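Working notes, beginning with the structure itself.
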Amino acid sequence: MTDNFFHTNFFITEVIFFMPYEFEKIERKWQARWQDSNCFHSEADASKEKFFCLEMFPYPSGALHMGHIRNYSIGDVLARFLRKNAKNVLYTIGFDSFGMPAENAAIKYKTQPHKWTLENIAYMTNQLKRMGYSYDWRREAITCLPEYYRWNQWIFLQMYKRGIVYQKEAPVNWCENCGTVLANEQVSEGVCWRCHNPVTKKNLKQWFIKITDYAQELLDDIEKDLQGWPKRVRIMQTNWIGRSEGARLSFEVPELDYKIEAFTTRFDTIYGVTFIALAPEHELVRKMIASMNPDESEKLQAFVKKVTAQSSIERSDAKAEKLGFKTPFYGTHPISGEKIPIWIANYILSDYGTGAIMGVPAHDQRDFDFCRKYNIPIIPVINPTDGTILDGATMKHAFEENGIVCNSDKFNGLKTDEAITKMLDWGEENNICKREINFKLRDWLISRQRYWGTPIPFVYCDKCGVVPVPEDQLPVRLPEDVEVKEVGHSPLLDLPEFLETTCPHCGGHARREADTMDTFFCSSWYFDRYCSPGDEKAPFEKSDVEYWMPVDQYIGGIEHACLHLIYARFFAKFLTDIGLTKAREPFTNLLTQGMVLMDGSKMSKSVGNTVNPDEIVAKYGADTARLFILFAAPPNNDLDWSERGVEGSFRFLNRVWRYVEDNLDSLKNHNGKIVKMHEIDNPELRDFKRKIHSTIKDVTNDIQNEKQFNTAIARLMELVNSIYALNDKSEQAEFLRREAVDVLVNCLSPFCPHITEELWEMLGHENMLCLEPWCVCDESALVQDSVTVVAQINGKVRGKFARAAGLAKDSLEKSILDEKIVQEKIAGKSIVKIITVPDKLVNIVVK
RNA sequence: GCGGAGGUGGCGAAAUGGCAGACGCGCCAGACUUAGGAUCUGGUGUCUAACGACGUAGGGGUUCGAGUCCCCUCCCCCGCACCA
C-alpha cells in the first residue's frame, strides 16, 4: 500500500521536494533536431576514412528489452565517438522480421503475421528513436518486405547456379513443437534453440546449402583474420567446424555385394578391429532387412524403429546406454581378410563420417563399453610406453593414449605418431585406405515448413521436375492476406493462387515450393544491404560494399557464436566468390556484450523479472537509462539491473545540470580563453587543469582502445567532483571552470547525447555538439609538478612524501633516506639494497 | 570428461609487477531544513583502545616488491560432449 502510494505519486513528491532537469522535453527537442538536420546521414566518400559500426538487428517481437538497450547503447557510444573523431561512420539498424513468433502471435491474437510484424516494427522504431540512437534511418533494412527478400531469393539462385544449393532426402532435425525442420546449428543439447523442445529425426527431402565447401576456409580464417574477436567465440567456432584428420577405408560385404566405408582418425589401430557398426539409418540396413530371413528381419526392423524413435537428447547423450543388434553379416578386414561381424548400434551417428565405424574396443572407450556389454572380443594393438602389456580379457577401460604398436604384423614396435604416418602411407600404396579430412560442420538445412519466411524460388513441374524461378520473375511474393490456423500447417498449402503456377521451362502445370527459408538467411547479409539501401537492381552496389565493408565493429550477444556468425562468414565468402564483394570476412572486430540480469538471473518474460525500458525512460529519461547501463559493468560482463544504480546515474546527470544552470552567467562570461598550464601558478589550479586533460586522455583511451565505458564514465564523475570541489574565485579559475565544463559536456555526449546538447547550447555554442570534434588532450597540461613518493622498507609502505616530479634517482633516494621516519625505522640495521622507481617509490632493503 | 573465462569490501566494480578497493550503490554522521528518499560536507576492508597487524578463493614459488607472473588445490560461470 505504502509502496504503491509512493510509486503512483512519484512525480508529485518530486515536484514538491526535488526538481530534476526536464529530460523529456530536452530529449524530444534534440531528437527532433537530429532528425530534421539529417546529421546522422552518411555517404560513401573515398576521401574519408570509414567506420562501419554494426549491431545485431532485432527481431520485432513487440518491444525492446534491456538487452537491446545495452547492445545499442554500446554501439551508439562508438558511433558518436568516432564521428567526432572525423571518421565517416556508417551506423544504422533494421529488423530481422521473418520468423515463427509472428505466426504464433497471429494464431493467438487472430491477426496476420504481416500486420503484427509491421506494427511491432513501428512501435520499436519509436522506442529506438526515443533512446536517441544516431542511426541513419534511410538505410534501414526490413527483411520481411519484398524489396529485401527478393534478394534472398536472388542470392539463393546464384548459389543454386554455383552448385552450392541442393535438395536431398535425409534424416533431419525435426521440432514437433515448431512444426518444422531445423539446421544443425539450431539444435543445442538435443533441443530446439527457439522453444527448447526435444528434437527428433525425420526423413525428409529438404533444401541444403553446401556450407561444408567452405569448412576449411571458415576454419583457417578464424586464426588468420579474426584476431579482433573474443577468443571464446573463436574457440566455439573452431569446435563447431570440428576438423579431424584421418582416413577412409572399406570393408567388403560379399553376401550383400556391398562395400562399407568407414572413417577413422586412428588407422594405426586397424589390426584391433573386432566389429563393424552401422548407424540405424545407414543405407545398408535396408538391404539387410530385405535379405534376411523374415524372423530376423522383423527383429532388426523393430530395433531400428526403437532407436530412431529416440529423441536427439537420448541418442546423443554420452551417458546413454549403448544398444546394439548383431546382424548375420560379416565384412572382410581389408588387411587380414578376416570376417568381422557387422552390428547396428545406436551410438553411431548417421550424419558424421560415413555413418559406419570400424570398432576398436581396446582403444576407444565407446567401442569398449559396447563390446563388454555384448561380449565382443577386445584385441589390444597398442601397449603403453611404460612396458605394460595389455590383455583384452582383463582391461578395465580402453587405452586411448599414444603407445607402442603390437599385434599388428610388420608394424609392431612403432610409436603411435610414427605408426599413423607409416601405416597410412602403406595403406594408401596398397589401396587399403585413403587419407581424408572430416568436419563436424554439416551442410546448412535451409527449408522451413513455415509460412512467415522468404519463399524458396523453385517450382515443381509435372514434366521438368524441379525448376528455379527465373531471376526476372522475382520476387516470388509471399501472400500477406492469410489466416494462420494452427502451428505446423503453413497457410501457403491452402492457397492455390500461390501454389498453382506454370513451369518457366515448358509452360505446363507446376506447383510452387511451399517451404520458406530459414530466417538466418536474411541475417547473413543485411549489413551489405545497409551499404546500398533501396537498391532495385541488385542486393547492393559493389562500390558501396567495397567502401563500407568489412564491418569495423560488430556488437551483439554471444548466443550467435555458432549460428548467425558462422552463416554470415560463409555468405561473405560466397559473395566474394561470385564477385559481388571483396571482404572475405564480414566482421573485423566483435564485441559480445553480457546479459542484463535481474537478481542474478536473466531477465525473461516467463520468469517475470523484466524491466520495461519504456518505464525507465519515462521516469528518468533516455540519457539516464543509457548512462546506467554503460556504467554498471564493463560491456562484456553480465550486468545486474539495479533501480538504485539508475537513481545514482540520474543523480549524476542532475548534478551536472545543476552546476551549469547555477553558474551559467559566469560560465558564459568566461568563454573563449584557454588558460595554458605555464600561465598557472596556483597549485590547486594546476591540479585542476591537469585533471581536465587527464580526463580527456583517459576517457578517449577507455572508449577507443579498451571499450571500457564504465571507467570512462567514472573519470567523468571524478571531473564533476573536481569541478564542485574547486573553491578558487579568481578570473583564471573561472576560465578553467569554463574549460572543464566544455570538456565534461563534450566527453559525456556519446553516453548522454541529449542533456549534453542542451547544456552545450546553454553555454552559448552555436553548432550541434554531435558534430563538434572530440576534445584534444593538451599533453603539456599533464606534466606533474609534484608526486607522492612511497617509501618502503623491505617492501612495506612506511611513509609517503611529496617530492618534485622528475627528481634524479640518487637525489630522490637521498631525500627519502633523510626523512626522519625512515631513519628511525632503519636505525641499527644495515642497508642491503635500494630500489628506486623515479617519481614513484623508494624501497630500502635492510637486514 | 574436454575446452574457455573467472573468484578483489555489504553490492556493481577499479588497479602498464610499484600506495589494493578509483567511480558508483548502500550504510553512518553532520549541515541546511516545518519536513527530507532533495542538496551539500565528512566517514565507511577486517582486527585493535592505540601503535600497528592482517587483507585480492586456499596452498606453495619467482621477485627488493605479486590482485597482477609460475605451479598445485578448491569453487562458480560459459561452451562442447558417443564427432569414430
Side-chain angles (χ1 to χ4, degrees), chain A residues 6 10 13-14 16-20 188-189 230-240 242-244 246 262-266 269 277 279 315-320 322 345-349 351-360 363-367 369-370 438-442 558-559 561-562 594 627-628 631-634 636-649 651-652 654-655 658 698 708 710-718 720-721 724-725 788-800 832-837 839-846:
Chain A
F6 280 119
F10 185 85
T13 46
E14 288 299 328
I16 296 168
F17 300 124
F18 165 51
M19 185 70 95
S188 175
E189 293 179 26
K231 196 175 172 192
R232 248 200 328 159
V233 178
R234 300 206 311 261
I235 289 169
M236 283 166 79
Q237 289 210 354
T238 303
N239 293 339
W240 185 260
R243 181 189 146 106
S244 55
F263 173 76
T264 180
T265 52
R266 294 296 302 271
T269 63
R315 274 263 323 255
S316 67
D317 184 356
K319 280 164 268 170
K322 296 194 172 20
N346 67 338
Y347 73 98
I348 309 304
L349 305 173
D351 53 1
Y352 182 76
T354 60
I357 60 135
M358 60 178 222
V360 185
H363 306 291
D364 182 293
Q365 191 58 41
R366 296 157 300 177
D367 295 346
D369 295 342
F370 188 73
N438 238 291
F439 292 94
K440 217 178 81 174
L441 182 75
R442 312 290 148 78
I558 188 130
E559 65 274 15
C562 292
L627 185 67
F628 168 73
F631 176 63
N636 29 359
N637 281 27
D638 284 348
L639 179 154
D640 257 301
W641 186 263
S642 146
E643 181 96 11
R644 300 268 200 188
V646 178
E647 283 169 14
S649 295
R651 210 151 40 220
F652 170 73
N654 277 290
R655 197 162 138 85
R658 204 178 325 112
D698 291 348
Q708 293 276 19
N710 55 331
T711 50
I713 293 165
R715 294 288 90 81
L716 292 168
M717 288 174 168
E718 286 180 42
V720 171
N721 291 344
Y724 268 93
T788 303
V789 175
V790 173
Q792 292 187 338
I793 293 166
N794 288 342
K796 305 226 175 205
V797 179
R798 289 293 178 248
K800 295 169 193 178
V832 179
K833 190 173 176 182
I834 301 177
I835 290 103
T836 303
V837 181
D839 287 349
K840 282 222 165 124
L841 145 156
V842 175
N843 185 11
I844 304 154
V845 184
V846 295

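Predicted model, so just to flag it, every value in this text is computed and none were measured. So you know, we letter chains A, B, ... as the sequences are listed, proteins then strands, and number each from 1.
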message: Please report the distance, rounded to the nearest Å, between CZ in A:Arg798 and P in B:rG65.
response: 14 Å
field: Inter-nucleotide P distance (B:rG42, B:rG24), Å rounded
entry: 12 Å
- prompt: Distance from A:Phe370 atom CZ to A:Asp364 atom CG, nearest 0.5 Å?
  reply: 12.0 Å
- prompt: Looking at the side chain of A:Arg658, which of B:rC82, B:rU39, B:rA84 is the nearest nucleotide?
  reply: B:rU39
query: Under 4.0 angstrom, heavy atoms only, what part of the nucleic acid is A:Ala320 near: base, sugar-phosphate, or nothing?
result: base
- request: Quote, to the nearest angstrom, the P distance that separates B:rC82 from B:rC76.
  value: 23 Å
statement: Taken to the nearest whole Å, CZ/A:Arg234 to C1'/B:rA5 is 14 Å
field: Gap separating the CZ atom of A:Arg715 from the CD atom of A:Glu718, nearest 0.5 angstrom
entry: 4.5 Å
query: Tell me: CZ of A:Phe652 to P of B:rU39, nearest whole Å?
result: 14 Å
- prompt: Rounded to whole angstroms, how far apart are CH2 on A:Trp240 and P on B:rG79?
  reply: 13 Å
field: Nucleotide of B:rC82, B:rA84, B:rA81 approaching A:Asn346 most closely (side-chain heavy atoms)
entry: B:rC82
message: Run the side-chain contact (heavy atoms from CB on, under 4.5 Å) test on A:Arg232 and A:Ile558 for me, step by step, so that the C-alpha distance in whole Å, both residues' side-chain angles and the decisive distance to 0.1 Å come before the verdict.
response: CA-CA 9 Å; A:Arg232 248 200 328 159; A:Ile558 188 130; 3.3 Å; yes
field: Contact letters for nucleotides 12-18 of chain B, in which S counts primed atoms plus P, OP1 and OP2 and B counts the base, heavy atoms under 4.0 Å
entry: BSS-B-B
Considering all heavy atoms, the nearest A:Leu627-A:Phe652 contact: CD2-CD2, 3.6 Å
Contact under 4.0 Å: A:Lys231 side-chain N or O vs B:rA5 OP1/OP2: yes
- prompt: Under 4.0 Å between a side-chain N/O of A:Arg644 and OP1 or OP2 of B:rG37, yes or no?
  reply: no
message: Suppose you measure atom P in B:rU16 against the same atom in B:rG6; what distance do you get, rounded to whole Å?
response: 14 Å
Non-hydrogen atoms of A:Tyr352 and A:Phe439 that approach each other most closely: CE1-O, 3.7 Å
- prompt: When rounded to the nearest Å, what value does the distance between P atoms of B:rG65 and B:rC72 take?
  reply: 23 Å
- request: Would you classify A:Ile348 as touching base, sugar-phosphate or nothing, given that sugar-phosphate means primed atoms plus P, OP1 and OP2, and contacts are heavy atoms under 4.0 Å?
  value: base
Identified pairing partner of B:rG1, criterion: Watson-Crick or G-U wobble below 3.5 Å: B:rC80
message: Only pairs with both distances under 3.5 Å count, Watson-Crick or wobble alike; so what is the partner of B:rC54 in this structure?
response: B:rG45
- prompt: Which part of the nucleic acid, if any, lies within reach of A:Ser244 when heavy atoms closer than 4.0 Å are counted: base, sugar-phosphate only, or nothing?
  reply: sugar-phosphate
- prompt: Does A:Glu718 or A:Gly355 map to a spot on RNA chain B nearer the 5' end, using the closest nucleotide for each?
  reply: A:Glu718
Complement of B:rG9, any strand, by Watson-Crick or G-U distances under 3.5 angstrom: none
- prompt: Of all heavy-atom pairs between A:Asp640 and A:Phe628, which one has the smallest distance, and what is that distance?
  reply: O-CZ, 3.9 Å
task: Select one nucleotide: of B:rC23, B:rC82, B:rA5, the one nearest the side-chain heavy atoms of A:Asn721.
output: B:rC23
A:Lys796 side chain near B:rC54 phosphate (N/O to OP1/OP2, under 4.0 Å): yes
message: Could you tell me how far B:rG58 sits from B:rC74 if I compare only their C1' atoms? Round to whole Å.
response: 7 Å
- request: Could you measure between the two P atoms, the one in B:rU56 and the one in B:rC69, and give it in whole Å?
  value: 15 Å
query: Looking only at heavy atoms, what is the nearest atom pair of A:Lys800 and A:Thr788, with distance?
result: CB-CG2, 3.9 Å
Closest non-hydrogen atom pair between A:Thr264 and A:Arg266, with its separation: OG1-N, 2.9 Å
field: Minimal non-hydrogen separation, A:Asn710 against A:Pro634, with atom names
entry: ND2-CD, 3.5 Å
message: My understanding is that a pair needs two contacts under 3.5 Å, Watson-Crick or G-U wobble. By that rule, which nucleotide pairs with B:rU33?
response: none
statement: Separation of B:rC2 atom C1' from A:Asn239 atom CG, nearest Å, is 9 Å
- request: Drop me the distance from A:Arg798's CZ to A:Lys796's NZ, to the nearest 0.5 angstrom.
  value: 6.5 Å
field: Closest to the A:Tyr347 side chain, choosing from B:rA84, B:rC19, B:rC82
entry: B:rC82
- line: Taking B:rA81, B:rC78, B:rA84 as options, the one with an atom nearest any side-chain atom of A:Arg232 is B:rC78
message: So for A:Lys800 and B:rC19, does any side-chain atom that can act as donor or acceptor lie under 3.5 Å from a complementary atom in the base?
response: yes
- prompt: In whole angstrom, what separates A:Met236's CE from B:rA81's C1'?
  reply: 13 Å
- prompt: Whole-Å distance between B:rC82 P and A:Ile357 CD1?
  reply: 14 Å
message: Could you measure the distance from the CD atom of A:Gln792 to the CD1 atom of A:Ile844? Nearest 0.5 Å is fine.
response: 9.5 Å
- prompt: What integer number of Å spans the P atoms of B:rC70 and B:rG45?
  reply: 31 Å
query: From B:rC19, B:rC25, B:rA84, pick the nucleotide closest to the side chain of A:Phe263?
result: B:rA84
- request: May I ask you to say what A:Ser642 touches in the nucleic acid, namely base, sugar-phosphate or nothing, with a heavy-atom cut-off under 4.0 Å?
  value: nothing
B:rU63 - base-pair partner by Watson-Crick or wobble geometry, distances under 3.5 Å: none
query: When you compare B:rC23 with B:rA15, how far apart are their C1' atoms, in angstrom units rounded to a whole number?
result: 12 Å
query: Below 4.0 angstrom from OP1 or OP2 of B:rC80, is there any side-chain N or O of A:Ser188?
result: yes
task: Could you tell me whether B:rG9 is syn or anti, where syn means a glycosidic angle within 90 degrees of zero?
output: syn
task: Rounded to the nearest angstrom, tell me the gap between atom CG in A:Asn636 and atom P in B:rG79.
output: 16 Å
message: At 4.0 Å (heavy atoms only), tell me whether A:Gly353 reaches a base, stays on the sugar-phosphate, or touches nothing.
response: nothing
